Amino acid sequence: MEFRDLKKQYEVLKPRMDAAIGQVLEDSNYISGRQVAELEQELADYVDVRHCIACANGTDALTLALMAWGIQKGDAVFVPDFTFFSSAETVAYEGATPVFTDILEDTFNMDPDSLERAIHAVLAEGKLTPKAIVTVDLFGLPADYNRIRQIADKYDLYILEDAAQGFGGVYHGKRAGSFGDLAITSFFPAKPLGCYGDGGAIFTDQKEWADLLRSLRVHGKGSDKYDNVCIGMNSRLDTLQAAILQVKFRAFKEQELAETDRIAKIYAKELKDCVKVPQIPEGLGSGWAQYSILLKDSQERNQVEAHLKEHGVPCMIYYRKGMHQQTAFKDLSCYGETFEVTTSVCSRVLSLPLSPYLTEEDQQKVIRLIREKTM
Ligand SMILES: *Cc1c(COP(=O)(O)O)cnc(C)c1O
């Protein structure tokens with residue numbers, strides 16, 4: 001059994017995929033081939049934003065977004081404590097200070113009350129200037145954008161939506177990637193829409209930012225290719241990955257997302273009496289980057305994890321500790337936040353095998369093994 005079955009996916013997509021890859025090899029247009037611009041348009045249409053800027057990976061996408069806003073030393077950027085390292089790493093990389101917020105147990109996403117407390121604490125201290133909020137659509141579920149947008153407006157902060165895991169997620173009729181002033185996603189192979197290597201993209205409705213991002217991703221180029229107008233980076237999505245993504249994106253839209261959702265609903269139905277299954281609030285939909293359950297306590301989590309592994313079922317712990325517990329961030333202030341929810345979730349969370357290609361037999365095995373240890 002695979003945690004996320006990329007081999008089976010390739011088998012299913014093989015004829016189209018091999019043709020798409022072969023075309024790039026024949027054209028030999030490896031950088032900035034037509035597939036990159038086509039993909040950007042397809043992604044922008046799906047997310048329903050004006051501009052999509054493809055780049056080398058999701059981490060670069062976050063960095064480019066922060067660069068476009070001129071986020072720097074002395075700025076505070078609010079980040080949920082429970083996320084992948086990149087969400088906060090990129091803030092620190094720009095010289096700014098990540099300030100962590102706790103999360104909500106039901107959704108695993110940023111707690112708007114904790115966010116507002118953190119903003120107040122930073123303002124009261126008077127050392128840093130609050131500039132932006134990185135909202136993470138964790139495990140595929142969009143954050144609470146109604147409330148977070150209100151808070152962003154109240155304190156005049158940008159929202160940078162980290163939809164690295166959120167692609168395909170829905171919030172009251174709108175798609176993930178459309179909620180931030182800038183939003184990013186990742187095409188790392190295991191993400192909801194993945195390529196065969198690294199890739200990422202940035203979404204925005206603002207033309208000025210889109211133009212600046214297109215410049216920043218290619219060494220700060222000006223309108224003349226050989227005149228560099230600012231300091232940027234080399235962060236393009238290559239043509240091969242774009243061609244691969246075009247094939248995968250079609251499958252994602254045509255059947256994969258719906259199929260993953262169907263499989264997730266089976267987990268919910270058959271596990272909800274013995275573990276806490278993902279809660280999808282009314283009007284929301286998940287892109288299902290992960291199917292993460294919560295066990296009673298760390299002991300039960302570790303027993304279930306061991307039981308699954310003993311029987312050949314791959315499962316993962318996303319994440320074992322909060323950002324405030326990362327060694328690299330040990331010197332950062334917590335501004336009085338105790339991160340009770342994150343800490344509890346880290347000791348109880350377990351992510352199960354999930355992909356549109358998970359067979360009924362394999363899923364039933366996972367369900368049976370979990371029930372054996374939790375009833
Ligand atoms: C994967 C991930 C990233 C980084 O994406 P890469 O393409 O691996 O650089 C950023 N944020 C979150 C929440 C992620 O899960």
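These figures come from a predicted structure and were not determined experimentally. Just follow the structure's listing: the first ligand is 1, and inside any ligand the first atom is 1.
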Can we say Arg149 and Asp181 salt-bridge, meaning some charged N sits less than 4.0 Å from an Asp/Glu carboxylate O?
yes
Regarding Lys253 and the six-membered ring of Phe249, is the cationic atom NZ or CZ under 6.0 Å from the ring centre and inside 45° of its axis? yes
Does a salt bridge link Arg217 with Glu40, judged by any charged N lying under 4.0 Å from a carboxylate O? yes
among protein heavy atoms, the one nearest atom 9 (O) of ligand 1 is Thr59 OG1, 2.5 Å
Please determine whether a side-chain nitrogen of the Lys or Arg among Arg301 and Asp297 lies less than 4.0 Å from a carboxylate oxygen of the Asp or Glu.
no
Per-atom filter on ligand 1: closer than 4.0 angstrom to a heavy atom of Ser87 are 11 (N), 13 (C)
State whether Lys276 and Glu105 are salt-bridged, where the test is any N-O pair (Lys NZ or Arg NE/NH1/NH2 against Asp/Glu carboxylate O) under 4.0 Å. yes
For Val136, the atoms of ligand 1 under 4.0 Å from one of its heavy atoms are 13 (C)
Checking the N or O distance criterion of under 3.5 Å, is ligand 1 in contact with Gln165?
yes
The protein heavy atom nearest to atom 14 (C) of ligand 1 is Lys191 NZ, 2.9 Å
**Q.** N/O separation below 3.5 Å, Asp162 to ligand 1
**A.** yes
Notebook entry, point to check: Would you say the side chain of Phe339 lies within less than 4.5 Å of the side chain of Gln325, judging by non-hydrogen atoms?
Noted result: no
Ligand 1 atoms nearer than 4.0 angstrom to some heavy atom of Gly58 are 5 (O), 6 (P), 7 (O), 9 (O)
Practice task
Look only at interatomic distance and state if Tyr319 has a nitrogen or oxygen under 3.5 Å from any nitrogen or oxygen of ligand 1.
Solution key: no
*asked:* Under 4.0 Å between a side-chain nitrogen and a carboxylate oxygen: does that hold for Glu337 and Arg117?
replied: yes
Numbered in order shown, the ligand 1 atoms found under 4.0 Å of a heavy atom of Thr83 are 13 (C)
